[in-house]
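A quick write-up on the structure given underneath.
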Amino acid sequence: MIDKIKQLKDEIQQVELTSPDGLERFRIQYLGSKGTVKSLFQELKSVPNEQKREVGALMNELRTLAEERLQTAKEQLATQTQQGDQLDLSRPGGPESVGARHPLSLVRSEIIELFERIGFSVSEGPEIEDDWHNFSALNFPLEHPARDMQDTFFIEKGEKEMALRTHTSSVQVRVMESSTPPIRTISPGRVYRNEAISARAHCFFHQVEGLYIDKNVSFADLKQTLLYFAKEMFGEKAQIRLRPSYFPFTEPSAEVDVSCSICNAKGCNVCKYSGWLEILGCGMVDPNVLDACGIDSKIYTGFAFGMGIERIAQLKYKVNDLRLYSENDVRFLKQFTPGI
Ligand code: PHE
């Protein structure tokens with residue numbers, strides 16, 4: 001009896017189980033209701049009492065072995081068919097989905113391109129800045145309330161207190177320190193302010209700031225440059241108007257409105273029925289800033305301006321919730337690239 005069981009064990013181990021039919025035959029032959037294992041158990045009755053324990057245990061082992069073989073063979077067969085499916089070269093191909101450019105990146109490129117056409121270069125700088133480049137060199141005296149206007153994120157970096165830059169004017173300081181006029185540059189980049197996130201404000205956004213320094217640069221040059229920008233960006237009919245304002249680093253300073261391109265300046269809910277939309281801040285670079293950056297303010301003058309890319313994109317694409325730009329919802333993002 002014991003020999004018979006051992007022989008069966010070898011047999012079960014050696015059987016090849018490679019097809020669903022083979023599996024089913026194996027199951028019926030060994031584990032079915034009239035199968036070998038069942039009939040062995042029936043023979044247990046005739047085994048002498050003193051051998052029953054040993055023989056019974058062997059039979060149990062045999063049954064487990066047969067069940068395990070059946071189970072693993074089943075699993076192997078299932079994964080093989082799955083892989084076979086993946087490799088089915090006759091199946092038709094599915095459409096490839098491609099990415100789209102982010103609307104802010106589209107507008108950023110457009111702004112850069114149209115300033116490059118009139119001779120501006122692009123400069124970049126660090127997002128983590130020291131006090132000098134973000135504030136002091138720009139004529140923000142220590143303890144001056146103007147520093148509070150730009151709710152700053154301060155961070156510690158080693159011994160030094162640093163800040164996340166609140167504007168890319170910091171890049172312009174770096175350019176003025178490291179080059180000599182004439183300077184004509186724009187600085188695009190991400191900036192940070194400690195604001196509660198809502199449809200109209202975010203703790204980070206993007207700017208493009210511009211700087212032009214040479215002999216005899218005047219306010220008229222500034223105005224003409226901004227009019228050129230408005231017409232290129234919003235269409236030939238675009239008009240601008242300048243309102244007096246205050247920035248520590250420019251004197252005189254102005255805020256610039258563009259005629260509302262959504263309603264053709266007739267008045268709508270986006271321009272709050274005024275026909276005008278605010279798009280940027282600007283002014284003549286304060287002589288204190290030039291001197292702080294090593295440029296002789298008796299020889300040179302310059303203008304500077306700064307705009308938010310989100311604001312321009314908002315007017316161009318009529319997006320009225322700032323949060324959409326950083327949520328990365330594919331349904332939103334793919335609307336700005338036609339044909340995908
Ligand atoms: N740096 C200003 C801001 O972030 C914008 C600005 C730039 C204003 C240059 C005037 C001149 O609000």
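Counting starts at 1 for both ligands and their atoms, following the listed order. Hydrogens, waters and symmetry mates are skipped; everything else that's a heavy atom, side chains included, is used. For reference, positions follow the sequence shown, starting with 1. In this text the structure is predicted, and so the values were computed from the model without any measurement.
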With a 4.0 Å heavy-atom cut-off (strictly under), which part of Phe305 contacts ligand 1: side chain, backbone, both or neither?
-> backbone
If we number the atoms of ligand 1 from 1 as shown, the ones under 4.0 Å from a heavy atom of Gly306 are 6 (C), 7 (C), 9 (C)
Tell me, which protein residue and heavy-atom name are nearest atom 12 (O) of ligand 1, and how many Å apart are they?
-> Arg193 NH2, 3.7 Å
Inter-residue atom distance Arg190.CZ - Gln207.CD, 0.5 Å rounding | 13.0 Å
Short version for Ser169: what comes under 4.0 Å of ligand 1, heavy atoms counted, is side chain
Hey, what's the ring geometry for Phe135 with Phe154, parallel, tilted or perpendicular (30° and 60° as the breaks)?
-> tilted
May I ask you to decide if the ring planes of Phe229 and Phe115 are parallel, tilted or perpendicular, using 30° and 60° as cut-offs?
-> parallel
How are the rings of Phe204 and His202 set to each other: parallel, tilted or perpendicular (split at 30° and 60°)?
-> tilted
For Phe249, the ligand 1 atoms with a heavy-atom partner under 4.0 Å come out as 1 (N), 2 (C), 6 (C), 7 (C), 8 (C), 9 (C), 10 (C), 11 (C)
For Cys282, the atoms of ligand 1 under 4.0 Å from one of its heavy atoms are 8 (C), 10 (C), 11 (C)
To which protein heavy atom is atom 2 (C) of ligand 1 closest, and what is the distance rounded to 0.1 Å?
-> Glu209 OE2, 3.5 Å
Donor-acceptor side-chain pairing of Ser109 and Arg101 below 3.5 angstrom | yes
Is the closest heavy atom of Gln207 to ligand 1 under 4.0 Å?
-> yes
Quick one: CD1 on Ile279 to CD on Glu255, what's the gap to the nearest 0.5 Å?
-> 11.5 Å
Measure the spacing between OG of Ser170 and CZ of Arg165 and express it to the nearest 0.5 Å.
-> 5.5 Å
Evaluating non-hydrogen atoms only, which member of Ala304, Gly308, Ser170 is closest to atom 11 (C) of ligand 1?
-> Ala304
May I ask you to check if ligand 1 and His167 share an N or O to N or O distance below 3.5 Å?
-> yes
